[in-house]
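Below: the structure, in structure tokens.
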Amino acid sequence: MLIIKNLKAEIDGKAILKGISLEVKAGEIHAIMGPNGSGKSTLAAVLAGREFVNVTEGSVTYFGKNLLEMPAEERSKEGIFLGFQYPIEIPGVSMVNFMKTAVNEHRKYKGLEPLSASDFLKLMREKKELVEIDSKLANRSVNEGFSGGEKKKNEIFQMAMLEPKLAILDETDSGLDIDALRIVANGVNKLKRPDTSAIVITHYQRLLDYIIPDVVHVLYDGRIVKTSGRELALEIEEKGYDWIKKEVDKKDLS
Amino acid sequence: MSNQPERSERYYNLYKENIRRISDKSSPYINSFRENAIAEFNKLGIPTKKNESYRYTNLDTFFNHEYKSYFMPTASDFKKAEEFRCDVTDLDAHGLVLLNGFYPTVNDKPRQLPGGIWIGSMTEAAGKFEDQIHKHYNKYINGNSDGLVHLNTAMASDGVFIYIPEGVVLNKPIQIINLVQSDEDIFCQHRSLIVAEKNSNATVIICDHTLSPNKFLTNGVTEIFVGENAHFEIIRVQNEHNNAGKITHTFMHQERNSFASSNNITLHGGLVRNSTHHFLGGEGAECNSYGLYLADKWQHVDNFVNVDHAFPNCTSNQLFKGVLDDMATGAFNGRIYVHRDAQGTVAYQKNNNILLTDDARMDTKPQLEIYADDVKCSHGATVGQLDDDALFYLQSRGINKREARLMLMFGFAHEVIQNIKVEALRDRMDNLVMQRLKGELSRCAFCMVKCG
Amino acid sequence: MPAWANLKIPAIDYQDIIFYAAPKQKASYDNIDDIDPELKKTFDKLGIPLEEQKHLSGVAVDAVMDSVSVKTTFRETLAESGIIFCSFSDAVKEYPDLVRRYMGTVVPYTDNFFASLNSAVFSDGSFCYIPKGVRCPMELSTYFRINSANTGQFERTLLVADEEAYVSYLEGCTAPMRDENQLHAAIVEIIAENNAEVKYSTVQNWYPGDKDGKGGIFNFVTKRGLCRGENSKISWTQIETGSAITWKYPSCILRGDNSTGEFYSVAVTNHYQQADTGTKMIHIGKNTKSTIVSKGISAGHGQNSYRGLVKVLKNATGARNFSQCDSLLLGNQCGAHTFPYIEVDNQTAIVEHEATTSKIGEDQIFYCNQRGISTQDAIGLIVNGYAREVINKLPMEFAVEAQKLLQISLEGSVG
């Protein structure tokens, strides 16, 4: 599904990603962990098509297509969904209008007719229930005045609406209490189908108790320094990141 | 002192040429203000950019033009206006059509609405509602230093008078469709008065349209009295052509515990200058002043707002937003003035602007003048572009860039529109704004006049 | 006389002002110990004891009394790194080329009424030149004092930071109590070349008049900096506690690409003091940035206005400004006003202005009272907290003094 090869990227001339290679197959859940500043969110930004990140080397292939050439909205319509670490507040734009536009753009891309207003509202209702989002939120402006937890739930709700093939969840667990975390994780699990994949970016392993990854990568200083099964997350939970940092730094010295 | 005395003199000459004709039509009471007003005008002149409150607006192109006639309605003019009468309406409102700001007095009777509401011409009201005119006419423009207000007092011959008696609640809005139409380039001035008595509740919508391509200049003054505990809203939708100059002065006087709101929505127009003065003249009064301006080409829109907190425990809220495209220019002058004894004042002011091109320009001047200490006041102004992060967020959900930009601009504008309480009107406004942003709006898309 | 400021200025009889009054004992200032003991006392009070400077804080001082420079310390030490720091009169004699090249280039004599007056009558002041690549090793300082009765002070400061240079400059002002009003109409010009940085800090404590508004200095000052070079930076910090009337707008002309202008201000008006102060940020070059933080504090019958202009010219692509102008009101006879002007002629610019006005928090005072702190001290604490963002921009030696000054000038503001 997704093949990243030797990806290097910089922001304002500063190298952030220093050669990342990674393959996500259909149906897999990959967790990317790492200390702050290791480049996790930058990787998510590159995959979703943020322009301020400058890719200097490497390739990203998504279903055989060159992902890096696609504008952000096309990636979305091709089935890539980014759950933002900090969802943006957009005053004056209602959630309904926002989602309706997005859903219908997706449908148009697939050659489908736009949904009628009533079908759309019905869909909204179903998905709201699925992710246990308060229906009042849907009547407000996009993320405006939402609490941290509400914003994250809203991201999952949008994911439910857009049914992506590859979901990239950037620190979706940060700032959530245990109940919200459970709701968010349940949402992700319910939306998971055998042919869809997810990249879960997180600092802590807490979320991985709920969303069970097939593979865990540790990102440090712009490189994937360790790849293993789920047990790696548990080891990090127990021992923190220092031991990995030390291992890497030692290797760099020698 | 005016810096272009010869220009001001032209308007003084216009006064001299027309004053007999004007006075003949008006009531003695209204005439009694004319002499002082023209003297005041001679002192102040037509404002120039040296005048602090016109710092960012150049009136030259409209005031230096030779207009063919000074417009005062005649019977034949009104016959023309009658032709535009049309009762087909999508908006459920008490509608009436004015010509160049004047009430059609020829075939049309004044309107009596349920509850004793009266809508008619100022001239007629001067006889019928003598008490009201004496009580309110020219009472709320006190000490105004704008020469154009005095020019209006000196010369305006007619306009609309609306009377909403004590305790009357209007269940649907009054819509005034203000057509500007003439085969000649004209300058017109009209003067209106709205009296909303104690405990009344009413909404007035004024839609400004131009129907012929001639060059027009309008200088209108509206005084509004909002009685104790009354609830009054006025919405002005401006949709005139690029060759039209529109100068409006609105003076709103509020008594204690009243609520009033004003919303100036400028969709189109060559030169637009709206000055809105809110006087909170009683304890516990609350006012909202909103504005939205969408300008392109060479258009210029200037909003001047003054909120005067003269009594304790009043609340005010200003929100003005603008999107400027092409070579359009915008100006905002907002002031909150809190008098010494106006303790417990809460006053907010916000002006946000988006520049879409390199040639668009915005000047903004939000001001606070505060002489009381127990106050909560804040203001903010921004000039910038659409938020890149928001744009990306929309794109990342599959919405294309053009659509995303449109949505953001719409959302930006909607923050003003959402304050319109009448739901049908709010939806229509949203609609109009969307059309305007898409560049599809030509003119009057929703008024009851189906003029093609 | 400009009339646009929100000030009530009594008529000034310019014929009545002595435009030049040289301190009488000037000749005997060979030794630092010979300085007028009264003056030294004021220095000590201001926290910049001339004598100890050499050994302790390392601040070079040029003292200007009644517009005449009386003593410049550290001149020799500074000269070692090529820095010129001397009285204006010496500079005219010794460095005529530099003076000629820079003087009047930022504030022309036609600029405004008071600038013209100054240009016509100024007698002395300070001159400072930091050569290419030099980081001035110590804080430079000018200390101003109006001493004689009926005197106007019309000094002039010219500060030039050549390429890659850095300097931090302090200015302190005091005047003894006099019943009549005195006039201070100074000019400060700053020029920053490529990559140069100038920090200019003022602690202004001119005599504010008595509690009934009698006497005090009229402080009508024109201060302006020109970021001439790329990546240059000029930062103004001012603590304005004195003067009967303050009229000043330290400004930055951001001509060089990527240049930065900053303005941090605390202005206090108590009793019958009036202040109309703020800044102008003129964005001419590309990617120019400016920050404005203004904190007004009004007490008694004081009137305090912020007046500022942020102007983005057509070619100033990527210009960015943020302004925050807050006002704090203590008492119900005072006033706080905000008059920002924002003029934007470039679509890529982002300009933001925010302002709030509010009363000092009664619950905060009560909280302090409950912990045993007097209301007076509580106000001092709260006001200092409120002004912290600006005070923190001052060099250490002045920050402590500024805090004390704030407290002193608000004494008796709440009864």
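The analysis underlying the following values was restricted to heavy atoms, covering all of them including side chains, and did not include hydrogens, waters or symmetry mates. We name chains A, B, ... by the order of the sequence lines, and we start the count at 1 in each one.
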TODO: Pick whichever of C:Ile350, C:Asp326, C:Val344 has the most heavy-atom pairs under 4.5 Å with chain B.
DONE: C:Val344

Open item on the list: Please classify the contact of B:Thr364 with chain C as side chain, backbone, both or neither, using a heavy-atom distance under 4.5 Å.
Closed with: both

Open item on the list: Under a 4.5 Å cutoff for heavy-atom pairs, which residue among C:Ser298, C:Ser323, C:Cys334, C:Ala336 has the most contacts with chain B?
Closed with: C:Ala336

Open item on the list: Could you check whether atom CZ of C:Arg255 has more than 12 heavy atoms from other residues, nucleotides or ligands sitting under 6.0 Å from it?
Closed with: no

TODO: Can you tell which part of B:Asn351 gets under 4.5 Å to a heavy atom of chain C, answering side chain, backbone, both or neither?
DONE: neither

TODO: Using a cut-off of under 4.5 Å on heavy-atom pairs, state which of C:Lys311, C:Gln333, C:Glu343, C:Glu354 scores highest against chain B.
DONE: C:Glu343

Task: Over 12 foreign heavy atoms within 6.0 Å of NZ, B:Lys401 - done: no

Open item on the list: At a heavy-atom distance under 4.5 Å, which candidate from C:Ala349, C:Ala355, C:Gly335 has the highest pair count against chain B?
Closed with: C:Ala355

Open item on the list: Can you tell whether the side chains of B:Arg335 and B:Asp308 come within less than 4.0 Å, N to carboxylate O?
Closed with: no

Task: Derivation of the side-chain hydrogen bond (donor to acceptor under 3.5 Å, both in side chains) call for B:His379 and C:His353 - done: CA-CA 8 Å; B:His379 71 184; C:His353 170 94; 2.8 Å; yes

Open item on the list: When you compare the side chains of B:Tyr293 and B:Asn353, does any donor N or O come within less than 3.5 Å of an acceptor on the partner?
Closed with: yes

Open item on the list: In the structure I gave you, are the side-chain heavy atoms of B:Asp363 and B:Lys365 within less than 4.5 Å of one another anywhere?
Closed with: no

Task: Top contributor to chain B interface from C:Leu329, C:Asp345, C:Thr356 [non-hydrogen pairs under 4.5 Å] - done: C:Asp345

